[in-house]
Visitor: 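Shown below is the structure under consideration.
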Amino acid sequence: LENAEQELARALELDPDNLEAKRMLAEVGALLGRAQGETQTTIATLEQRAQVKKDQLRADAEQKVEKAKLALSRGDHDAALIELTLAQDQIRWSPYTGDWQALEQEIAGMIAAIKGQKESAESARLRQAQEEARAELRQQEQADQNRRGMVVDNLLDQAITAFQGQKYDDAIELADRVLRLDPRNE
């Protein structure tokens, strides 16, 4: 009978509103010779414990929501989603009955909003990275054109110097190199 009493006490810890378990606990208490008030005290104690655990569970879930808000304020979408998912699972798999609907709706709304924000942020980062890559390519192209222009100018100067020094073959060779590098150079 003592084992039955312990099992009924565990059942009431999980579901303190279970009338059948309360009735059976009272019967087992009577069979063990306990007074009716003693059994009622046990039931009340178990109900209080269950309420405390339920309140702790709610407080823990609300704390996870606050952590998610803090992570979101830092721009850490992944950490916020993790905290909210943990809170959602904690509520979803809670052994205690109660009014979780408002908190569940808040969490579900936050998860949806954060997922949208995360996608937008990732899209903006991708666009920014692409723009930076384009700008870098333009700079490299400009630097290459400047170097090619300097080489062409140098070769032209050498060709003019060779022509003025009556080294016509060298001047022709240098002029041909200029035209190979810059066909539109006149």
Visitor: Answer yes or no: are there more than 12 heavy-atom neighbours, outside K69 itself, under 6.0 Å from its atom NZ?
Guide: yes
Visitor: How long is the straight-line distance from CG of D60 back to CG of D55, given to the nearest 0.5 Å?
Guide: 12.5 Å
Visitor: Would you say that L84 contacts K64 through its side chain, given a criterion of any heavy-atom pair below 4.5 Å between the two side chains?
Guide: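 Result no, sub-4.5 Å side-chain heavy-atom pair not found.
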Visitor: Do Q142 and N146 meet the criterion of a side-chain donor-acceptor pair at a distance under 3.5 Å?
Guide: yes
Visitor: Restricting to non-hydrogen atoms, name the atom on I107 and the atom on A87 that form the minimum distance, rounded to 0.1 Å.
Guide: CD1-CB, 3.8 Å
Visitor: Quick one: closest heavy-atom pair of H77 and A121, and the distance?
Guide: CE1-CB, 4.1 Å
Visitor: What distance do M110 atom CE and K115 atom NZ have between them, rounded to the nearest 0.5 Å?
Guide: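 Reported to 0.5 Å precision, the distance equals 13.5 Å.
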Visitor: Are I111 and L72 linked, directly or through other ILVMFWY residues, by side chains that come within less than 4.5 angstrom of each other?
Guide: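 As far as the 4.5 Å side-chain criterion goes, L72 and I111 are connected within one cluster.
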Visitor: Do L179 and V152 share a hydrophobic cluster (ILVMFWY, side-chain heavy atoms under 4.5 Å, transitive)?
Guide: no
Visitor: Can you tell me how far apart CG (D182) and CZ (R177) are? Round to the nearest 0.5 Å.
Guide: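 Atom-to-atom, D182:CG and R177:CZ are 14.0 Å apart.
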Visitor: Is any NZ, NE, NH1 or NH2 atom of the basic residue among E20 and R23 found under 4.0 Å from an Asp or Glu carboxylate oxygen of the other?
Guide: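 Looking at E20 and R23, the cut-off is met.
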Visitor: To the nearest 0.5 angstrom, please state how far the CD atom of E62 sits from the CD1 atom of I91.
Guide: 8.0 Å
Visitor: Any idea which heavy atoms bring E5 and V28 closest together, and the distance?
Guide: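 Nearest heavy atoms, E5 then V28: CB-CG1, 3.8 Å.
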Visitor: What's the verdict on salt bridge (charged side-chain N to carboxylate O under 4.0 Å, His left out) for R134 and E131, showing C-alpha distance, side-chain angles and the deciding distance?
Guide: CA-CA 5 Å; R134 281 189 212 108; E131 186 57 40; 3.1 Å; yes
Visitor: Does a donor on one side chain sit under 3.5 Å from an acceptor on the other, for Q128 and E132?
Guide: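 There is such a pair between these side chains.
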Visitor: Run K54 and L57 through side chain to side chain contact (heavy atoms under 4.5 Å, CB included) and show every step you take.
Guide: CA-CA 5 Å; K54 183 178 173 183; L57 187 66; 5.6 Å; no
Visitor: Under 4.0 Å between a Lys/Arg side-chain N and an Asp/Glu carboxylate O for D144 and R147?
Guide: yes
Visitor: Looking at every non-hydrogen atom in both residues, tell me the closest pair between R148 and L181 and how far apart they are.
Guide: CD-O, 3.8 Å
Visitor: In plain terms, say whether R125 and E119 are close enough for a salt bridge, that is, a side-chain N and a carboxylate O under 4.0 Å apart.
Guide: no
Visitor: Do the side chain of T161 and the main chain of D157 share a donor and acceptor less than 3.5 angstrom apart?
Guide: yes
Visitor: Just verifying a value: how many Å separate Q90 CD and Q63 CD, rounded to the nearest 0.5 Å?
Guide: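 Result: 9.5 Å between the selected atoms.
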Visitor: Return the minimal non-hydrogen interatomic distance between A21 and L8, and the atom names on each side.
Guide: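 Reported closest heavy-atom pair: O-CD2, 4.1 Å.
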Visitor: Kindly compute the distance separating NZ (K167) from CD (E173), expressed to the nearest 0.5 Å.
Guide: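 The NZ atom of K167 sits 12.5 Å away from the CD atom of E173.
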Visitor: Closest heavy-atom contact between A159 and A175?
Guide: CB-N, 4.2 Å
Visitor: Does the side chain of L103 reach to within under 4.5 Å of the side chain of V65, using non-hydrogen atoms?
Guide: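 The answer is yes, as the side chains (C-beta and beyond) meet within the 4.5 Å cut-off.
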Visitor: For the residue pair D176 and R180, establish whether any side-chain heavy-atom pair is separated by less than 4.5 Å.
Guide: yes
